Amino acid sequence: EWECPVVDETTMMCSRDGIFFGGDSAFGPKNIIWAVAHGHEAAISIHKYCNKEDLQDRLPRGVNLVSQKMGMHEWSFSNDYDGASRRLMPHVDLKKRFKKLDIEVELGFSAEQAIEEVERCLNCDIQTVFTTKLCIECDACIDICPVNCLTITEDGEEQELRTRLSAPAENLEQDLYVSDGLPHTGRVMVKDEDLCVHCSLCAERCPTGAWDMQKSEILLPYAHDEADPEKSNVAKIAGA
Ligand code: SF4
Ligand code: SF4
């Protein structure tokens, strides 16, 4: 349309050979994060273009899970979840704000309040990961879970299974985690992710390490990974 150049969303090269661009000028209004990502993709393409390599032949993206266990009861993240309600930000009095319009309206939290706010974090980048073959069905994780989102039970049809859990899973939009058959009885471990607060207590209590807390890392190759895949950790982890 209007004879504007068209940009390839993978390589960031436009319909005019050897010209690369991204960001708002390429795809319309997005945010700065997208613009930076386009810059990284363009850098890979420019390197390949200069080396007469195929621009579409790129290292794969991936996700890696890394255990966060640092000791018997220690994790690399703060798992001391606090279910306190969200704290309201204190503001400068309205009369003062009308008298002086260039003052900062939000007063901020004290150090103690900020620490309490941080503990409300659900650590969504840390996942509970279950290894079926390690489970001895001792029920310790079921007993300690503060929100009853774990159940060991007979497998069954999802609709009926949802009614048999420690806390019935009523949000049908949230898939259940259902393990393979457990080694001793063939029953299954079921987890309702909708309830989990990522407190790590199941993994701390588990005597065999069947539950673990693992951090998900997104693996995005950059130009230096493409330039030297032999030395690239991203390439190694992604199996390229
Ligand atoms: S991380 Fe906490 S809330 Fe989630 S399953 Fe384990 S014990 Fe339950
Ligand atoms: S605590 Fe560990 S071994 Fe015991 S039931 Fe839970 S996952 Fe299985």
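Start at 1 and go down the list; that is how both ligands and their atoms are numbered. The model shown is predicted, which means the values in this text are computed figures rather than measured ones.
- Ile136 N, 3.4 Å is the protein heavy atom nearest to atom 3 (S) of ligand 2.
- Near Phe130, with a cut-off below 4.0 Å to any heavy atom, the atoms of ligand 2 are 7 (S).
- Under 4.0 Å from ligand 2, heavy atoms of Cys141 appear from its side chain as well as its backbone.
- Side chains of Asp212 and Gln214: a donor on one and an acceptor on the other come within 3.5 Å.
- Across the listed options Cys138, Cys135, Ala203, Cys138 owns the non-hydrogen atom lying nearest to atom 4 (Fe) of ligand 2.
- The ligand atoms of ligand 2 that sit less than 4.0 angstrom from a heavy atom of Pro207 are 1 (S).
- Side chain to side chain, Ser45 and Arg58 meet the donor-acceptor criterion of an N or O pair below 3.5 Å.
- Contact atoms of ligand 2 toward Cys206: 1 (S), 2 (Fe), 3 (S), 7 (S) (distance under 4.0 Å to a heavy atom of the residue).
- Ligand-side atoms of ligand 1 in range of Lys191: 5 (S), range being under 4.0 angstrom from any heavy atom.
- By the criterion of a separation under 2.8 Å, the protein N/O/S atoms near atom 2 (Fe) of ligand 1 amount to Cys199 SG.
- Contacts of Asp139 with ligand 2, taken as heavy-atom pairs under 4.0 Å, involve the backbone alone.
- Side-chain contact annotation: Asn79 with Glu204, donor-acceptor N/O pair under 3.5 Å present.
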Between side-chain atoms of residues 121-129 and protein atoms elsewhere (two or more places apart, or another chain), which donor-acceptor pairs fall under 3.5 Å?
from, atom 1, to, atom 2, distance (Å)
Asn123, ND2, Ser78, O, 3.1
Asp125, OD2, Lys215, NZ, 3.0
Gln127, NE2, Cys124, O, 3.1
Thr128, OG1, Lys191, NZ, 2.5

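- The nearest pair of heavy atoms linking Asp24 to Lys30 is OD1-N, 3.2 Å.
- Neither the backbone nor the side chain of Arg205 comes within 4.0 Å of ligand 2, counting heavy atoms alone.
- The protein non-hydrogen atom at the shortest distance from atom 7 (S) of ligand 2 is Trp211 CD1, 3.4 Å.
- Aromatic ring centroids of His38 and Phe27 lie under 6.0 Å apart.
- By the neighbour-count criterion of 12 heavy atoms within 6.0 Å, atom CD1 of Ile33 is sparsely surrounded, having that number or fewer from other residues, nucleotides or ligands.
- Every atom of ligand 2 is numbered from 1 in the order shown, and the set under 4.0 Å from a heavy atom of Thr208 is 3 (S).
- For Lys95, the side-chain hydrogen bond (donor to acceptor under 3.5 Å, both in side chains) criterion is met by no residue, not counting sequence neighbours.
- Taking Asp57 as the reference, nothing meets the salt bridge (Lys or Arg N to Asp or Glu O under 4.0 Å) condition, with sequence neighbours excluded.
- Judged by distance alone, the side chains of Ser232 and Asp225 do bring a donor and an acceptor atom under 3.5 Å apart.
- More than 12 heavy atoms of other shown residues, nucleotides or ligands fall within 6.0 angstrom of atom CD1 in Ile103.
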